Amino acid sequence: GVEVGPQPQGVARADILDKMRKIVKHGLDFVQLFNEGKEFPPCTIEVFKIMEKVDYPRNKNDEIIAIIHPKLQDQDWQPLNNGDPLFLTLDGKVIPYQGNCTVYPTFINEAAYYEKKQAFVKTEKIKLTAKHLRCSVS
């Protein structure tokens, strides 16, 4: 599957549609070249591995008491360091990120995830290495 975004629910954006078309085309090009017997050299790529889902701060009645801080909004895949602003309470107090490593939040403040109690997903940046690849069927 391919998920390209971010974009709000129910909204069709031309730039996102264009990105989706490009990635699907690259995938199909790869399959064709692989089927033709092309050998692909070893490679390393940076990816984001999900660590955990993070909920909004809530009170004892399970009501949200803080929103995403403006400095974090629209910063998907950007580094979040210890002490950086994370949430903003309804009375204006900043709740900073408290962690022992840099993380890369994504799906920040997505409307579709409110009911799932998810303010964002914390990811870590890692490197994956692939060996050379070639179709073994002639």
Side-chain angles (χ1 to χ4, degrees):
V2 175
E3 182 176 343
V4 182
Q7 70 179 0
Q9 283 181 291
V11 174
R13 289 182 43 167
D15 59 332
I16 301 299
L17 180 60
D18 184 55
K19 288 178 184 179
M20 183 272 306
R21 285 182 174 145
K22 285 178 182 173
I23 198 161
V24 169
K25 182 184 179 315
H26 286 304
L28 292 172
D29 289 346
F30 169 82
V31 169
Q32 180 176 347
L33 291 169
F34 179 80
N35 287 341
E36 291 172 355
K38 177 172 174 62
E39 184 169 344
F40 294 89
C43 66
T44 301
I45 185 172
E46 286 187 341
V47 299
F48 295 90
K49 180 181 175 184
I50 293 175
M51 298 169 68
E52 68 178 305
K53 296 174 182 175
V54 177
D55 192 8
Y56 294 90
R58 295 178 183 270
N59 64 18
K60 63 182 178 179
N61 297 325
D62 206 34
E63 299 165 326
I64 294 174
I65 59 168
I67 57 176
I68 295 293
H69 192 280
K71 289 186 178 179
L72 180 60
Q73 184 65 52
D74 301 320
Q75 296 301 308
D76 295 78
W77 313 114
Q78 299 305 308
L80 180 67
N81 299 296
N82 188 47
D84 287 348
L86 188 59
F87 294 106
L88 185 63
T89 65
L90 301 179
D91 60 357
K93 294 179 183 156
V94 174
I95 299 173
Y97 170 63
Q98 295 178 351
N100 55 4
C101 66
T102 298
V103 296
Y104 299 82
T106 189
F107 303 113
I108 300 169
N109 203 23
E110 292 277 342
Y113 298 121
Y114 271 65
E115 66 188 42
K116 296 178 182 183
K117 296 185 175 184
Q118 181 179 313
F120 62 93
V121 173
K122 252 193 323 189
T123 70
E124 62 180 328
K125 190 186 292 190
I126 62 172
K127 290 185 180 185
L128 295 179
T129 301
K131 297 178 182 179
H132 77 280
L133 180 66
R134 189 171 92 194
C135 181
S136 61
V137 177
S138 299

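No hydrogens, no waters, no symmetry mates; every other heavy atom, side chains included, goes into these values. Just so it is clear, the structure is predicted and the values come from calculations on it, not from any experiment.
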Are Val103 and Ile126 connected in a single hydrophobic cluster, I mean Ile/Leu/Val/Met/Phe/Trp/Tyr linked by side-chain heavy atoms less than 4.5 Å apart? no
Out of curiosity, does Ile67 fall in the hydrophobic cluster containing Val94 (side-chain heavy atoms, cut-off under 4.5 Å, transitive links)? yes
Arg13/Asp18 ion pair, N-O < 4.0 Å: no
Validation row: His132, Glu39 side chains within 4.5 angstrom (heavy atoms): yes
Who pairs with Asp55 by side chain to side chain donor-acceptor pair (under 3.5 Å), at least two apart in sequence or on another chain? Arg58
Look at the side-chain heavy atoms of Ile, Leu, Val, Met, Phe, Trp and Tyr, link any pair under 4.5 Å apart, and say whether Leu133 and Leu33 land in one connected group. yes
Might you point out which heavy atoms bring Ile108 and Asp76 nearest each other, and give the distance in Å? N-OD2, 3.2 Å
Is it the case that over 12 heavy atoms from other parts of the model lie below 6.0 angstrom from the CG atom of Leu128? yes
Do Met51 and Ile68 share a hydrophobic cluster, counting only Ile, Leu, Val, Met, Phe, Trp and Tyr and linking them when any side-chain heavy atoms are less than 4.5 Å apart? yes
Give me the atom names and distance for the closest heavy-atom approach of Phe107 to Gln118. CB-NE2, 4.2 Å
N/O donor-acceptor pairs under 3.5 Å from side chains in residues 79-89, not counting sequence neighbours:
residue: Asn81; atom: OD1; partner: Thr102; partner atom: OG1; Å: 2.5
residue: Asn82; atom: OD1; partner: Gly99; partner atom: N; Å: 3.1
residue: Asp84; atom: OD2; partner: Asn81; partner atom: N; Å: 2.8
residue: Thr89; atom: OG1; partner: Asp91; partner atom: OD1; Å: 2.4
residue: Thr89; atom: OG1; partner: Gly92; partner atom: N; Å: 3.4
residue: Thr89; atom: OG1; partner: Lys93; partner atom: N; Å: 2.8
residue: Thr89; atom: OG1; partner: Lys93; partner atom: O; Å: 3.3

Atom NZ of Lys125 and atom CD of Glu46: how far apart are they, to the nearest 0.5 Å? 4.5 Å
Please say which of Asn109, Ile95, Ile65 ends up in a side chain to side chain contact (heavy atoms under 4.5 Å, CB included) with Tyr56. Asn109
When rounded to the nearest 0.5 angstrom, what is the spacing between NZ in Lys53 and NZ in Lys116? 7.0 Å
Evaluation steps, side-chain contact (heavy atoms from CB on, under 4.5 Å), between Val54 and Val121: CA-CA 6 Å; Val54 177; Val121 173; over 6 Å; no
CG of Leu72 to CD of Gln78, rounded to nearest 0.5 Å, is 10.5 Å
Under the ring pair (Phe, Tyr, Trp, His ring centres under 6.0 Å) test, residues paired with Phe48 that sit two or more places apart: Trp77, Tyr104
Tightest non-hydrogen contact, residues Lys71 and Gln75, listed as O-CG, 3.3 Å
Using a strict cut-off of less than 4.0 Å between a Lys/Arg side-chain nitrogen and an Asp/Glu carboxylate oxygen, indicate whether Asp15 and Lys19 qualify as a salt bridge. no
To the nearest 0.5 Å, what is the distance between NZ (Lys127) and SG (Cys43)? 12.5 Å
Any donor and acceptor pair, going by atom type alone, linking the side chain of Asn59 with main-chain N or O of Asn61 inside 3.5 Å? yes
Consider only side-chain N and O atoms of Thr106 and Thr123, and report whether a donor and an acceptor are under 3.5 Å apart. no
Phe40 and Phe30: aromatic ring centres closer than 6.0 Å? yes
Do other residues, nucleotides or ligands put more than 12 heavy atoms under 6.0 Å from the CD atom of Glu36? yes
